[in-house]
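Here's the structure, in structure tokens; my notes come after.
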Amino acid sequence: RKNFLEYGALVLCIFGFTLLCMMVFVSLFGESARELSSFFVLGKKGISLAVMGEFLLLSVVIVLLQALFFTDRWIRKMPVLGRTVLMVLSVLVVMSVFIILFVWFPVRMWQPWVMFLLCFLLCFGGSVTVSVWKTRLENKKLQEGLKRLKQEKEIKENQTGKPLAGKQK
């Protein structure tokens, strides 16, 4: 079970990553999109406090969705793939609501929606890649640890001449 500080750390991690992405977008498109979006109201000078607050709120909502979909307390029998799909769809819906509610870009223009979906898919693909890489590293460490434990157990058995408790021949 995660505690409040772990959830807070996750919120700040998501918030920091989104602000980093926003810094890139503001530096690339800030001046040309100044009139089109609340993101770019300051042009290349930065991100407004209002937008940063909205991103912080979005980060909190994403962490709450993650807790909902990936904590066995709420959804017990759904496979991980189903939970992941529902989580991604939920985040897309929430982000769409934020886009409309906070006028992050013109809702009636198709180009910003395409850019949003491309950025979302790029970030999602990146996070999946990092997660798979992290899982493989953790599995490798666990396998090495298990191998080391087995070797230590065999060494102790050889020294005593008796099988250790729990091992049957």
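Predicted, not measured: the structure shown is a model, and the values here were computed from it.
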Give the C-alpha distance, both sets of side-chain angles, the deciding distance and a yes or no for side chain to side chain contact (heavy atoms under 4.5 Å, CB included) between Lys147 and Gln143.
CA-CA 6 Å; Lys147 184 178 177 182; Gln143 288 295 328; over 6 Å; no
Dump the intermediate steps for side chain to side chain contact (heavy atoms under 4.5 Å, CB included) on Arg83 and Leu86, then the final yes or no.
CA-CA 5 Å; Arg83 293 178 189 209; Leu86 284 176; 5.9 Å; no
CA sep, side-chain torsions, deciding dist, call: Phe124, Val91, side chain to side chain contact (heavy atoms under 4.5 Å, CB included):
CA-CA 11 Å; Phe124 177 70; Val91 169; over 6 Å; no
Could you walk me through whether Met95 and Phe116 pass the side chain to side chain contact (heavy atoms under 4.5 Å, CB included) check?
CA-CA 10 Å; Met95 290 181 78; Phe116 161 70; 3.5 Å; yes
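Rounded to the nearest 0.5 angstrom, Leu57 CG and Phe15 CZ are separated by 11.0 Å. Remark: Glu152 CD to Arg148 CZ distance equals 7.0 Å, nearest 0.5 Å. Lys156 contributes atom NZ, which lies 13.5 Å from atom CD of Gln151 (distance to the nearest 0.5 angstrom). Here Phe105 contributes atom CZ and Ile100 contributes atom CD1; the two are 8.5 Å apart, rounded to the nearest 0.5 Å. Here the CG atom belonging to Asn139 is positioned 11.5 Å from the CG atom belonging to Leu146, to the nearest 0.5 angstrom. Note: Thr18 OG1 to Met52 CE = 11.0 Å, rounded to the nearest 0.5 Å.
Residues Gln111 and Met115 are not in side-chain contact: their nearest non-hydrogen atoms beyond the backbone lie 4.5 Å or more apart. Counting only heavy atoms from C-beta outward, the side chains of Pro112 and Trp104 never approach each other to under 4.5 Å. Side-chain contact between Glu54 and Leu101: absent, with no pair of heavy atoms (C-beta onward) separated by less than 4.5 Å. In this structure, Trp133 and Leu137 have side chains that are in contact, with non-hydrogen atoms separated by less than 4.5 Å. Proximity of Val88 to Phe120: side-chain heavy atoms (C-beta onward) are separated by under 4.5 Å at one or more points. Proximity of Val41 to Val51: side-chain heavy atoms (C-beta onward) are nowhere separated by under 4.5 Å. A heavy-atom distance below 4.5 Å is found between the side chains of Leu58 and Val94.
The hydrophobic cluster containing Phe40 also contains Leu49, counting ILVMFWY residues as joined when their side-chain heavy atoms lie under 4.5 angstrom apart, directly or transitively. Leu12 and Phe55 are not part of a single hydrophobic cluster, where members link through side-chain heavy atoms under 4.5 Å apart. Ile155 and Leu149 end up in different hydrophobic clusters when Ile, Leu, Val, Met, Phe, Trp and Tyr side chains are linked at under 4.5 Å. When the side chains of ILVMFWY residues are joined at heavy-atom separations under 4.5 Å, either directly or via intervening members, Leu65 and Val97 end up in two distinct hydrophobic clusters. The same ILVMFWY cluster, assembled from side-chain heavy atoms under 4.5 Å apart, contains both Leu92 and Leu68.
In this structure, the side chain of Glu6 engages the main chain of Asn3 through a donor-acceptor pair within 3.5 Å.
Residue Gln66 comes nearest to Leu10 through the heavy atom pair OE1-CD2, 2.7 Å, listed as atom of the first residue, atom of the second, then distance. Closest of all the heavy-atom pairs between Ser96 and Trp113 is OG-CZ3, 3.8 Å. Contact detail for Val61 and Phe98: the closest heavy-atom pair is CG2-CZ, 4.4 Å. Shown here for Gly43 and Val26, the closest heavy-atom pair between the two residues is O-CG1, 3.1 Å. For the pair Ile47 and Leu42, the tightest heavy-atom approach, listed with the atom from each and the gap, is C-CD1, 3.8 Å.
Within 6.0 Å of atom CZ in Phe17, 12 or fewer heavy atoms from other residues, nucleotides or ligands are found, so the atom counts as exposed in its surroundings. For Met109, the CE atom sits in a packed shell: over 12 heavy atoms of surrounding residues, nucleotides or ligands are nearer than 6.0 Å.
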